[in-house]
Asker: 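Sharing a structure here in structure tokens format.
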Protein chains: 2
Amino acid sequence: MNKQKAQPLIDYINKYVLLTPEEENILLSFIRFRRYLKGQYIVQQGDVCKHECFVLSGCTKTFYLDEEGQEHIIMFSIEDWWASDMGSFITQTPADFNIQCLEHTELVMFSYDTIEDLYAKIPKLERFFRQIIEKAFVASQKRIVRNFSLTAKDQYLYFKEQYPEIEQRIPQYMVASYLGITKEFLSKIKSQLALE
Amino acid sequence: MNKQKAQPLIDYINKYVLLTPEEENILLSFIRFRRYLKGQYIVQQGDVCKHECFVLSGCTKTFYLDEEGQEHIIMFSIEDWWASDMGSFITQTPADFNIQCLEHTELVMFSYDTIEDLYAKIPKLERFFRQIIEKAFVASQKRIVRNFSLTAKDQYLYFKEQYPEIEQRIPQYMVASYLGITKEFLSKIKSQLALE
DNA sequence: AATTATAATTAAACTAGTTTAATATAATTT
DNA sequence: AAATTATATTAAACTAGTTTAATTATAATT
């Protein structure tokens, strides 16, 4: 893959481990660039997730459809975040989640078929992925805590504060889905906040 | 540390990566055995978590006290599970969680001060920890999904099915806390289930 | 500019789960 | 065995958030 396009990924990795120029080149030979249009799916529930994707530009939502066909958004990914169904990726079993682009989106893809080979050639990346997954796990646990201990209003305020960029880019009903509340109730919360 | 006592940990690690006898010995020199009594704390909210603990026997609860002093249990750990506040451990900042023993508990401890050294001596362990944290992250995400899409009754049934051993070993009000509901409501759910 | 589709607001009726408080049942301690 | 402490049950009043449905605003399309 083209080095210039991959620069945000290389910068991101170098925050965790230092790659030599040689290693950067090996990395480039292992990754693929891909562009998706707004609305397109990167992964569909039921498919096996073959890639871990690093978002260069654009925005995706990762969501789950329950038995009643209700959509539950579990995360948004923008620039410098990851998009994949990790459960499906690591076990190569059907995905629980859909990942769909909310904007035109440019990605770097790591393929399941070559990632072991990549770890063998650049063992440092094993360390890198360990570290980012540790962080993701911690964030996920903290979200469970918030779900338990905050009211819907406080969860919304936390979201606004933590991800102001994301709130600007997506419709409000998706924020509600991410928070696990109805769009009507989020609307009510916002109108109450406006009066304070 | 004594090899015989560490055997469950070695067996557990060998499910992910194969350690040579030499590596097993290095590992043993890096880990510590410790016994806690029922009621003792392994980590307290506000302290920095210095160890990642592998449970050899016994049972712990990891919980969070909110502003009103309410306890929210986020996980239980029994034999062959881990107990630590990973957020605190990886950043060496004050812990959000308490970890307390619900039974007399025997642990193997990995210390923050030597874990980098251990990774350097046995790079395979970086891979091992990456893999187990991937699994923990996936489990955490799935729990968020369940919180969103299942009723309290269905979450309880899921818990019963997934962790029948744990349900036998802990009081019911702790199950309720883990599920994020009140003990009174869990009691109601159980009496409804008894009628079905 | 008019039309259609998408997103957001409002409000009333409803329900899953909470709160409070009293009672019952185990389990421990003396 | 009696007394104390911890755990579990039950029920009534309550509330945070849902459902349904109608209305308005915004954006996209012709």
Side-chain angles (χ1 to χ4, degrees), chain A residues 37-39 59 61 63 65-73 76 100-104 143-160 166-196, chain B residues 37-40 59 61 63 65-73 76 100-104 143-144 146-160 166-196:
Chain A
L37 298 176
K38 180 172 174 174
C59 181
K61 67 173 175 186
F63 66 100
L65 293 176
D66 67 20
E67 298 73 42
E68 285 98 52
Q70 284 272 189
E71 172 175 317
H72 301 277
I73 295 177
F76 299 105
Q100 186 182 19
C101 297
L102 302 176
E103 302 173 359
H104 296 335
R143 186 162 168 211
I144 290 174
V145 168
R146 289 195 301 278
N147 285 167
F148 277 168
S149 47
L150 299 186
T151 62
K153 178 182 159 194
D154 287 338
Q155 282 186 252
Y156 170 63
L157 290 171
Y158 178 86
F159 175 80
K160 246 173 104 78
I166 295 180
E167 206 199 357
Q168 303 316 308
R169 288 163 74 168
I170 60 174
Q172 187 173 309
Y173 73 90
M174 289 189 192
V175 175
S177 172
Y178 174 81
L179 296 175
I181 60 177
T182 59
K183 55 195 195 311
E184 292 83 0
F185 192 53
L186 178 54
S187 182
K188 194 172 178 180
I189 287 168
K190 288 186 81 170
S191 74
Q192 280 169 353
L193 285 169
L195 300 177
E196 282 178 7
Chain B
L37 297 177
K38 180 173 175 173
Q40 286 189 308
C59 181
K61 66 172 175 187
F63 65 100
L65 293 176
D66 69 19
E67 300 72 42
E68 285 99 53
Q70 284 272 191
E71 172 174 319
H72 302 277
I73 296 178
F76 300 104
Q100 188 182 18
C101 297
L102 301 177
E103 302 172 359
H104 297 335
R143 187 163 169 209
I144 291 174
R146 288 196 301 277
N147 285 167
F148 278 168
S149 46
L150 299 186
T151 61
K153 178 182 158 195
D154 287 338
Q155 282 186 253
Y156 170 63
L157 290 172
Y158 178 86
F159 175 79
K160 245 173 106 77
I166 296 181
E167 207 200 356
Q168 302 317 309
R169 288 163 73 168
I170 60 175
Q172 187 172 309
Y173 73 90
M174 290 189 191
V175 176
S177 172
Y178 175 81
L179 297 175
I181 61 177
T182 59
K183 55 193 192 317
E184 291 83 359
F185 193 52
L186 179 54
S187 182
K188 195 171 178 180
I189 286 168
K190 288 186 81 169
S191 73
Q192 280 168 353
L193 284 170
L195 300 178
E196 283 178 5

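Only this structure's heavy atoms are used, side chains among them; waters, hydrogens and symmetry mates stay out. Letters A, B, ... mirror the listed sequences (proteins, then strands); counts begin at 1.
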Asker: Roughly how many Å is it from CG in B:Asp154 to P in C:dA16, rounded to a whole number?
Answerer: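 Atom CG in B:Asp154 sits about 12 Å away from atom P in C:dA16.
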Asker: Tabulate protein N/O versus nucleotide N/O from nucleotides 4-7 of chain D, keeping only pairs under 3.5 Å, one per line.
Answerer:
from	atom 1	to	atom 2	distance (Å)
D:dT7	OP1	B:Tyr173	OH	3.4
D:dT7	OP2	B:Tyr173	OH	3.0

Asker: Compare every heavy atom of A:Ser177 with every heavy atom of A:Ile73, then report the nearest pair and how far apart it is.
Answerer: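 Looks like N-OG, 2.9 Å.
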Asker: Rounding to a whole Å, what distance do you find between B:Ile189:CD1 and D:dA11:P?
Answerer: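 Answer to the nearest Å: 16 Å.
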Asker: Write down the partner of D:dT30 under the Watson-Crick or G-U wobble criteria, each distance required to be under 3.5 Å.
Answerer: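 Its partner is C:dA1.
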Asker: For a 4.5 angstrom cut-off between non-hydrogen side-chain atoms, does B:Gln155 reach B:Ile181?
Answerer: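 Answer no - side chains too far apart.
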Asker: In whole Å, what is the span from the CG atom of B:Leu186 to the P atom of D:dA8?
Answerer: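 Taking atom P of D:dA8 as the reference, CG of B:Leu186 is at 9 Å.
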Asker: Quick one, B:Gln172 and B:Ser187 - any side-chain contact, counting heavy atoms below 4.5 Å?
Answerer: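 A side-chain contact exists here, since the closest heavy-atom pair is under 4.5 Å.
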Asker: Along nucleotides 21-30 of chain C, 5' to 3', which nucleotides get a B, which get an S, and which get a -, given that the test is a protein heavy-atom distance under 4.0 Å?
Answerer: B---------
Asker: Under a 3.5 Å distance rule, please check whether A:His104 uses its side chain to pair with a backbone N or O of A:Leu37 as donor and acceptor.
Answerer: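 Absent.
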Asker: Please report the distance, rounded to the nearest Å, between CG in B:Asn147 and C1' in C:dA16.
Answerer: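 Value for this atom pair: 15 Å.
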Asker: Could you say whether B:Ala152 or A:Phe185 is positioned toward the 5' end of DNA chain C, judged by the nucleotide with the nearest heavy atom to each?
Answerer: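 Taking each residue's closest nucleotide, the earlier one in sequence belongs to A:Phe185.
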Asker: Measure the distance from CD on A:Gln70 to P on D:dT18 and round it to the nearest whole Å.
Answerer: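 Whole-Å distance recorded here is 10 Å.
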Asker: So if I take every side-chain heavy atom of A:Ile181 and compare against C:dG17, C:dT9, D:dT18, which nucleotide ends up nearest?
Answerer: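 From the listed options, D:dT18 comes nearest.
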Asker: Could you verify whether a donor N or O on one side chain and an acceptor N or O on the other, from B:Glu71 and B:Tyr173, lie under 3.5 Å apart?
Answerer: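 Short answer, no.
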Asker: In this structure, how many angstroms lie between the P atom of D:dT15 and the NZ atom of A:Lys188, rounded?
Answerer: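 It works out to 13 Å between those atoms.
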Asker: From B:Lys153 NZ over to B:Gln192 CD, what is the distance, rounded to the nearest 0.5 angstrom?
Answerer: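 Rounded to the nearest 0.5 Å, the NZ-CD separation comes to 7.0 Å.
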Asker: Hey, does A:Phe185 have a side-chain heavy atom less than 4.5 Å from the side chain of A:Ile189?
Answerer: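 Side chain of A:Ile189 against side chain of A:Phe185, heavy atoms only: contact under 4.5 Å found.
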Asker: Taking atom P of C:dT9 as reference, at what distance in whole Å does atom CG of A:Leu195 sit?
Answerer: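 Value for this atom pair: 13 Å.
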Asker: Against the six-membered ring of A:Phe148, is B:Arg143 placed for a cation-pi contact (under 6.0 Å from the centre, within 45° of the normal)?
Answerer: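 No, B:Arg143 does not lie over the aromatic ring of A:Phe148.
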Asker: Could you give the CZ-to-P distance, from A:Phe148 to D:dA16, as a whole number of Å?
Answerer: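 For the pair A:Phe148 CZ and D:dA16 P, the rounded distance is 19 Å.
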Asker: Between B:Tyr178 and B:Ile166, does a side-chain contact (heavy atoms from CB on, under 4.5 Å) hold up when you go through it step by step?
Answerer: CA-CA 12 Å; B:Tyr178 175 81; B:Ile166 296 181; over 6 Å; no
Asker: Does A:Ser191 place a side-chain N or O at less than 4.0 Å from the phosphate oxygens OP1/OP2 of C:dT9?
Answerer: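 Checking C:dT9 against A:Ser191, no side-chain N or O comes under 4.0 Å of OP1 or OP2.
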